[in-house]
There are 2 protein chains.
Amino acid sequence: MAIRASEQIIHKAAWLYYTHGLRQDEVARQLNISRASVAMYLKKARDTGIVNISTSTQLFTDDVLARQLEDVFGLSAVWVVPQERHAIDPAAEVPAVAASVFIELVNRGDRIGVAWGRTVYTMADVMSFADLQDVTVVQLCGNLGAPYSYRPDQCTMEIARRLNAKGLNFYAPLVLSSEPLAQGLRNEPVIREQLASVADCDLALFSVGTVDEDSHVVKCGALSPDDMHALRDNGAAGVIAGQMIDAKGELLDCDYNRRVISADLGSIRSIPKRMMVVQEDSKLDPLLAALAGGLCSHLVVTAPMAKRLLEHRKSDLRPLSQ
Amino acid sequence: MAIRASEQIIHKAAWLYYTHGLRQDEVARQLNISRASVAMYLKKARDTGIVNISTSTQLFTDDVLARQLEDVFGLSAVWVVPQERHAIDPAAEVPAVAASVFIELVNRGDRIGVAWGRTVYTMADVMSFADLQDVTVVQLCGNLGAPYSYRPDQCTMEIARRLNAKGLNFYAPLVLSSEPLAQGLRNEPVIREQLASVADCDLALFSVGTVDEDSHVVKCGALSPDDMHALRDNGAAGVIAGQMIDAKGELLDCDYNRRVISADLGSIRSIPKRMMVVQEDSKLDPLLAALAGGLCSHLVVTAPMAKRLLEHRKSDLRPLSQ
DNA sequence: CATCGTCGCTGACAAAAGTCAATTCCGACA
DNA sequence: TGTCGGAATTGACTTTTGTCAGCGACGATG
């Protein structure tokens, strides 16, 4: 909590440079150190969140598509990442936008729930450091096998580290082999408390997964490709925090879900700000399911995806109104 | 609300430079403009709050004095501006610290009450620009005569401008010549609504005034120096949002207060974050009165003032405990 | 239709910031 | 006490950024 002596000088340099607008050599003179040291301290200050530089994300909210999506799906806020002509991949930009948006949505003292996935992990990776105080980051779902690289606990911890926040991990597997065991584990006080605390979050961050053999739950061995196809045939439309949802965004009634340890969808829905980030164009159906179930309030998508969402909704509504 | 075409390019440049970390010449190439233009756009982005650079104020909370003040007076957070050896005036630093702290305390969607005074005005002046959305800044008290330079409406408007927020002014004089007139005006729907809305604020910003001939209420002609002395003899210990308070921080029962149009102290106390900023060393007694009355939860003071507050409290408590 | 004033943009130069190898400092350990 | 290893600091050099006069486009005005 308290600033160590070695950090004090960094704070001072940052204050004089960024708040008072002195030049590096002036700061150096004031603090009786070399200008090179000042440059170094300032870099450190930026890297650790002592100094915070954030760019408005209005560029991405200010888009007809974003407005339409807000209206049509009743969302609080939508960010659309445009297709840049000369630029690189539009999808690659999504995590960067999402990370900025995410930081803007966090307030001091907040409790934040974080699920897992490649998108979330990439976001954590490009997220800038911030010096929020009294923020807690909680893991929304159990863990996967060790050799996997986007583990839920890693996502949680990395985001906590970037925000200078407290990370609350959750040491249970995401999927167990039998239902009674899962039930037993869910009733363990440590686990139960953490799952119950999800409803108290101010903000949640997650993506949505596809129901096919590319899904993380398949890749990490929790389900076989065949199981996955069977689930799909039984109505699974997407994966949220490791759980199968149907096309209405409700928890699918299936053996797999009963063996999962994760935050329940009701708790997630009761979180005021539920931020969903989707970078892959293949996730149209899962995303529609999540939207149908009211699982998200804040959405970050690519422009192509935004267009497809709107088209789908239009063709969906017309038959009904006729 | 929507970004104008001319601003779009500024947003893009800022995004590429600050979020993606490209160099100015790379940004220039991407956007097909000269590097000089990029430099210009970036400056504009910083000046208008499209890009936000903020420095942690931990340096000022991390002080034994600050901790002691928090404990002793039961405050949520205290910032102490130290006496720098070589540096300039410690008091001159107070508004800069306060402005940074203030920005940190504001959240999106907040309603903020602002009182008036030289300190508040100076804060507004050094406050950086930010791009908060849906923030409303409301004026806490009526206005003073026109020729005055730190008018309440100016403080409110300037802060609203810096935050890109909506300013809610309040067109009534601070002091009227008769009590019935004041009562009538307070009951005007426009005025009544605004006064009632003060209790809904998330954050308030004010300073405290002295009860002597240097006070703004005297300088702007609302009270004569003799009136002021009389009020002091009757127990006035400080001025909050234009109203006289006694040493316990309660509204003084006096003719003057009955003629004032301002937010009532109860409403102010019900605001969760009440930030008080004191730069002058002469304001010890008024500050003690405000603290006694629970009128502030967040405090910014100089180190000398912090020491005096603590000494005073110690000598005050000892007789009681014996 | 010419002229003027304004505004936005750029090229070229000056100023400031970033970088890194060399050096100093400091504590641990023989 | 000496000396060794690693971290912190710095001087000198390079790269990047800030600035501003000057140019051209555009719209208003006589």
Side-chain angles (χ1 to χ4, degrees), chain A residues 2-56 58-59 62 84-88 96 100 126 128-129 131 161, chain B residues 2-56 58-59 62 84-88 96 100 126 128-129 131 161:
Chain A
I3 308 180
R4 284 177 293 125
S6 63
E7 287 185 3
Q8 178 105 339
I9 191 106
I10 301 181
H11 276 84
K12 283 189 185 176
W15 181 259
L16 292 171
Y17 186 78
Y18 286 106
T19 305
H20 277 267
L22 300 191
R23 278 191 270 99
Q24 293 189 355
D25 56 341
E26 298 178 300
V27 175
R29 213 174 312 132
Q30 281 250 344
L31 301 179
N32 273 90
I33 50 177
S34 72
R35 197 190 57 72
S37 295
V38 174
M40 221 197 57
Y41 291 156
L42 293 178
K43 187 204 231 330
K44 201 164 203 171
R46 287 188 302 265
D47 287 348
T48 57
I50 290 172
V51 164
N52 216 3
I53 303 186
S54 64
T55 311
S56 160
Q58 268 210 48
L59 188 52
D62 188 66
E84 288 295 332
R85 307 135 288 286
H86 312 287
I88 345 86
S100 280
V126 297
S128 63
F129 286 75
D131 199 15
R161 193 173 73 87
Chain B
I3 307 182
R4 284 177 292 127
S6 64
E7 287 184 3
Q8 179 106 337
I9 190 107
I10 301 180
H11 276 83
K12 285 188 184 176
W15 181 259
L16 292 172
Y17 187 78
Y18 286 107
T19 305
H20 278 267
L22 301 192
R23 287 199 314 274
Q24 294 189 357
D25 55 342
E26 297 177 298
V27 175
R29 213 174 313 131
Q30 282 251 345
L31 301 179
N32 272 89
I33 50 177
S34 72
R35 199 192 54 74
S37 296
V38 173
M40 223 195 57
Y41 291 154
L42 292 178
K43 188 207 227 330
K44 203 164 202 170
R46 287 188 301 265
D47 288 349
T48 57
I50 290 172
V51 165
N52 217 0
I53 303 186
S54 63
T55 310
S56 158
Q58 269 210 47
L59 188 52
D62 188 66
E84 289 295 332
R85 305 135 288 287
H86 312 287
I88 345 88
S100 281
V126 298
S128 62
F129 286 76
D131 199 16
R161 194 172 74 86

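Note on naming: letters A, B, ... go to the chains in the order of the sequence lines (proteins, then strands), and numbering restarts at 1 for each one.
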Listed nucleotide nearest any side-chain atom of [X], set [options]:
X	options	answer
A/Ala36	C/dT19, D/dT9, C/dA17	C/dT19
B/Gln24	D/dT10, C/dC9, D/dT17	D/dT17
B/Ala39	D/dG18, D/dT16, C/dA17	D/dG18

Separation of [X] atom [atom1] from [N] atom [atom2], in whole Å?
X	N	atom1	atom2	answer
A/Arg23	D/dG18	CZ	P	13 Å
A/Glu26	C/dA16	CD	P	8 Å
A/Arg46	C/dA17	CZ	P	10 Å
A/Ile10	D/dA8	CD1	P	10 Å
A/Ile9	D/dT9	CD1	C1'	12 Å
A/Asp47	C/dG18	CG	C1'	13 Å
A/Tyr17	C/dA17	OH	C1'	7 Å
B/Leu42	D/dT16	CG	C1'	12 Å

Between [N] and [X], is there an OP1 or OP2 to side-chain N/O distance shorter than 4.0 Å?
X	N	answer
B/Tyr41	C/dG8	no
A/Ser37	D/dT10	yes
A/Lys43	C/dT19	yes

Tell whether A/Arg35 reaches the base of C/dG18 with its side chain through a donor-acceptor pair below 3.5 angstrom.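 Such a pair is found, so the answer is yes.
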Looking across every strand, which nucleic acid part, if any, lies under 4.0 Å from A/Ile33 by heavy atom: base, sugar-phosphate, or nothing?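 Sugar-phosphate contact only - A/Ile33 comes under 4.0 Å of backbone atoms but never of a base.
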Distance-minimising heavy-atom pair for [X] and [Y]:
X	Y	value
B/Gly49	B/Asp131	O-CB, 3.3 Å
B/Ala96	B/Val126	CA-CG2, 3.9 Å
A/Ile50	A/Ala14	CG2-CB, 4.3 Å

Could you tell me if the side chain of B/Trp15 sits less than 4.5 Å from the side chain of A/Thr55, heavy atoms only?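 A side-chain contact exists here, since the closest heavy-atom pair is under 4.5 Å.
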Which distance, rounded to the nearest 0.5 Å, do you find between the OH of B/Tyr18 and the OG of A/Ser54?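 Taking OH in B/Tyr18 and OG in A/Ser54, the distance rounds to 11.0 Å.
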